[in-house]
Student: 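Below is one structure. I have some questions about it.
We name chains A, B, ... by the order of the sequence lines, and we start the count at 1 in each one. None of the values given here were measured: they were computed from a predicted structure.
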Number of protein chains: 2
Amino acid sequence: MPPTGKLARSTTALDVTRVLKERILAGHYAEDQFIRQDLIAQELGVSRIPVREALALLEAEGLVIREKFRGAVVPRLSAAEIEEIYALRGLLEPYLLEEAIARITPEIIDTLDDIVERSRRASDKTEWAGLNVEFHRTLYEAADRPLTLQMLDKLLVRADRYLKMQRFMSPQTQQESDAEHMRILDCIKAGDKDGALESLRQHIRWNAVDVRRTVGFDS
Amino acid sequence: MPPTGKLARSTTALDVTRVLKERILAGHYAEDQFIRQDLIAQELGVSRIPVREALALLEAEGLVIREKFRGAVVPRLSAAEIEEIYALRGLLEPYLLEEAIARITPEIIDTLDDIVERSRRASDKTEWAGLNVEFHRTLYEAADRPLTLQMLDKLLVRADRYLKMQRFMSPQTQQESDAEHMRILDCIKAGDKDGALESLRQHIRWNAVDVRRTVGFDS
DNA sequence: TGAAACAAAATCGGATCCAATATTCTTTAT
DNA sequence: ATAAAGAATATTGGATCCGATTTTGTTTCA
């Protein structure tokens with residue numbers, strides 16, 4: 001039996017959940033294709049029990065849908081769902097930003113400056129994506145609204161699956177995104193709350209437009 | 001071949017999930033008290049496997065917290081979490097109401113009228129609570145925003161646990177709540193969107209005040 | 001007597017096994 | 001030859017069993 005590595009704190013089920021989530025977000029499983037428990041179990045060297053728990057958790061996150069005695073599939077994302085996700089981002093993120101501004105410290109601002117700087121220098125697309133996430137995470141964690149942040153995370157995970165599948169992030173979009181982050185950060189430094197909020201809303205709108213354009217909606 | 005539009009048959013794990021959720025919402029388990037898998041399994045006449053899956057799902061909903069090799073407990077709700085839930089209601093519900101108004105039909109309005117009428121006549125507290133939920137559900141389903149509604153539901157479940165535990169709903173509060181529902185409905189009929197939104201926000205604020213008063217926060 | 005050390009019991013996470021159901025393949029009738 | 005019917009296979013959900021860890025109880029020593 002191959003050792004599964006050092007799982008001192010985590011459980012096998014959570015490890016499987018993490019692996020499957022990464023795979024799904026990487027577009028490893030085609031939509032409407034069944035994810036076979038047995039195969040996953042063999043690939044990861046575990047039994048089907050933690051695989052089943054992982055699939056149950058992923059269903060709760062909306063990343064798969066299970067049908068009794070049939071299996072789990074990655075569901076298609078509808079245009080309506082994408083639209084809804086961006087509408088919800090437009091509600092949640094300004095709220096988080098507002099609360100973050102009320103609680104932000106010079107240390108956090110320094111951290112954000114650093115992230116933006118590294119983001120601008122980033123050449124690798126994956127590295128840039130990581131820094132992009134880190135920027136928002138650092139900023140929003142300052143808001144001290146764990147429930148809201150958790151809800152937002154789940155929304156972004158759903159959207160991310162789509163975005164990564166579509167490979168839509170152009171260098172131009174990256175530049176524009178960095179610039180918008182800087183604008184938000186500058187507004188925060190200047191104590192311009194409304195300016196920061198407006199920049200954020202613009203940021204989200206641009207994101208939404210990008211997605212629509214790439215996906216080619218009509219709705 | 002028979003039509004595939006058959007209802008999704010329930011699985012044992014989902015049945016256990018439903019039972020446990022009902023129990024938790026009814027305050028059956030004390031906070032910080034371990035929910036023993038073996039006991040649940042015996043009580044329900046099933047094995048521990050579906051019980052474990054149920055607990056995993058309930059953890060994803062925030063109704064329990066599991067610690068490795070220790071078990072699952074109903075977590076305490078902090079004052080901060082209550083506040084956050086109401087803040088999020090204040091974001092999500094106006095959005096849903098706005099979308100609902102844009103799509104509402106005379107039939108739905110009739111249904112809502114009926115619900116309010118029955119709610120006003122309701123003597124039993126449980127019946128009233130059910131109608132209260134039905135009013136919001138009917139109204140918000142008209143918004144056709146399933147993700148948002150699902151998020152709201154999960155928030156309300158968390159809050160409900162607290163409210164039911166505290167048994168806070170006084171007759172006076174019921175009357176006031178019914179009146180607010182009528183006000184919202186009247187605004188919708190009159191095509192007064194802003195009025196409806198303002199009534200809703202007031203409704204949520206009152207709810208929040210009610211909770212704070214009953215719970216007796218200070219933090 | 002009280003606390004540390006050790007043993008016993010309880011409980012959990014995971015593995016293996018079995019039953020229920022779905023899917024695929026084969027047979028058969030027209 | 002084709003489509004319905006039935007057998008064989010595949011896959012899932014659940015039950016039973018096992019090792020790991022925590023908790024509880026007992027013993028021993030200062």
Side-chain angles (χ1 to χ4, degrees), chain A residues 1-21 23-24 28-61 63-75, chain B residues 1-21 23-24 28-61 63-75:
Chain A
M1 168 170 44
T4 42
K6 42 181 116 180
L7 333 162
R9 288 293 164 215
S10 181
T11 124
T12 311
L14 292 180
D15 289 337
V16 176
T17 307
R18 186 173 39 74
V19 171
L20 284 182
K21 187 188 284 190
R23 287 188 180 181
I24 292 172
H28 184 276
Y29 298 108
E31 291 176 345
D32 295 351
Q33 169 195 340
F34 282 97
I35 299 175
R36 294 298 167 199
Q37 300 176 359
D38 221 339
L39 182 59
I40 307 294
Q42 284 177 18
E43 285 173 352
L44 303 183
V46 299
S47 86
R48 276 173 46 231
I49 294 291
V51 175
R52 279 173 50 189
E53 182 170 325
L55 289 171
L57 292 176
L58 290 173
E59 186 179 40
E61 284 201 58
L63 288 182
V64 304
I65 290 178
R66 292 184 302 164
E67 288 177 63
K68 192 180 182 186
F69 284 120
R70 285 181 35 92
V73 297
V74 179
Chain B
M1 178 189 319
T4 53
K6 53 196 169 189
L7 298 176
R9 297 129 309 178
S10 180
T11 146
T12 314
L14 291 180
D15 289 338
V16 175
T17 307
R18 187 174 37 75
V19 171
L20 283 182
K21 188 188 284 191
R23 286 188 180 180
I24 292 171
H28 183 276
Y29 298 108
E31 292 176 343
D32 296 351
Q33 170 197 339
F34 282 97
I35 300 175
R36 295 297 167 199
Q37 300 177 357
D38 224 339
L39 182 60
I40 307 294
Q42 284 178 19
E43 287 173 352
L44 303 183
V46 299
S47 86
R48 276 173 45 229
I49 294 290
V51 176
R52 278 173 50 188
E53 183 170 327
L55 290 172
L57 293 175
L58 291 174
E59 186 179 40
E61 284 202 58
L63 287 181
V64 304
I65 290 178
R66 293 185 300 164
E67 288 177 61
K68 193 180 181 186
F69 285 120
R70 286 179 36 92
V73 297
V74 179

Student: Looking for any heavy atom pair under 4.0 Å, which part of the strands does A:Ile35 touch: base, sugar-phosphate only, or nothing?
Tutor: sugar-phosphate

Student: Side-chain contact, heavy-atom cut-off 4.5 Å: A:Ile40 with A:Arg23?
Tutor: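 Result yes, sub-4.5 Å side-chain heavy-atom pair found.
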
Student: Would a 4.5 Å heavy-atom cut-off, applied to side chains only, mark A:Val74 and A:Asp32 as touching?
Tutor: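 A side-chain contact is absent here, since even the closest heavy-atom pair is not under 4.5 Å.
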
Student: Nearest to the side chain of B:Thr11, which nucleotide is it out of D:dT21, C:dG14, D:dG14?
Tutor: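 The answer is D:dG14.
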
Student: Rounding to an integer number of Å, can you tell me how far A:Leu57 CG sits from C:dG13 P?
Tutor: 12 Å

Student: Can you tell me the distance, in whole Å, between the CG atom of B:Leu55 and the P atom of D:dG14?
Tutor: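 B:Leu55 atom CG is separated from D:dG14 atom P by 14 Å.
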
Student: Has the side chain of B:Arg52 got a donor or acceptor atom sitting under 3.5 Å from an opposite partner on the base of C:dG14?
Tutor: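 Checked by distance alone, the answer is yes.
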
Student: Atom CD of B:Glu53 to atom C1' of D:dA15: distance rounded to whole Å?
Tutor: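 Distance, rounded to whole Å: 14 Å.
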
Student: Using whole Å, what does the distance between atom C1' of nucleotide D:dT11 and atom CD1 of A:Ile40 come to?
Tutor: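 The answer, rounded to whole Å, is 14 Å.
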
Student: How many whole angstroms separate atom CZ of B:Phe69 from atom C1' of C:dA10?
Tutor: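 It is 13 Å, rounded to the nearest whole Å.
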
Student: Under 3.5 Å, is there an N or O donor on one side and an acceptor on the other linking the side chain of A:Arg48 and the base of D:dG13?
Tutor: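 Answer yes: a donor N or O sits under 3.5 Å from an acceptor.
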
Student: Do you know which two heavy atoms are closest between A:Pro75 and A:Ile65, and how far apart they sit?
Tutor: CB-CD1, 3.7 Å

Student: Return the value, rounded to whole Å, for the distance between atom CG of B:Leu14 and atom C1' of D:dG14.
Tutor: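 To the nearest whole Å, that distance equals 13 Å.
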
Student: Rounded to whole angstroms, how far apart are CG on A:Asp15 and C1' on C:dG13?
Tutor: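 For the pair A:Asp15 CG and C:dG13 C1', the rounded distance is 12 Å.
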
Student: Here's a test of your reading of the structure: between B:Phe34 and B:Thr12, which maps to the more 5' nucleotide of DNA chain D?
Tutor: B:Thr12

Student: Expressed in angstrom and rounded to an integer, what is the separation of A:Ile49 atom CD1 from D:dG14 atom P?
Tutor: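 Going from A:Ile49 (CD1) to D:dG14 (P), I get 10 Å.
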
Student: Where the side chain of A:Lys68 is concerned, which of D:dG14, D:dG13, C:dG14 is the nearest nucleotide?
Tutor: D:dG13

Student: Measuring to OP1 and OP2 of C:dC12, would you say a side-chain N or O of B:Arg36 lies under 4.0 angstrom away?
Tutor: yes

Student: Please examine the side chains of B:Arg52 and B:Gln37, heavy atoms only from C-beta on, and report whether any two atoms are closer than 4.5 Å.
Tutor: yes

Student: Could you tell me whether the phosphate oxygens of C:dG13, OP1 or OP2, come under 4.0 Å of any side-chain nitrogen or oxygen in B:Gln37?
Tutor: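 Yes.
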
Student: May I ask you to test the A:Val73-A:Ile35 pair for a side-chain heavy-atom distance under 4.5 Å?
Tutor: no

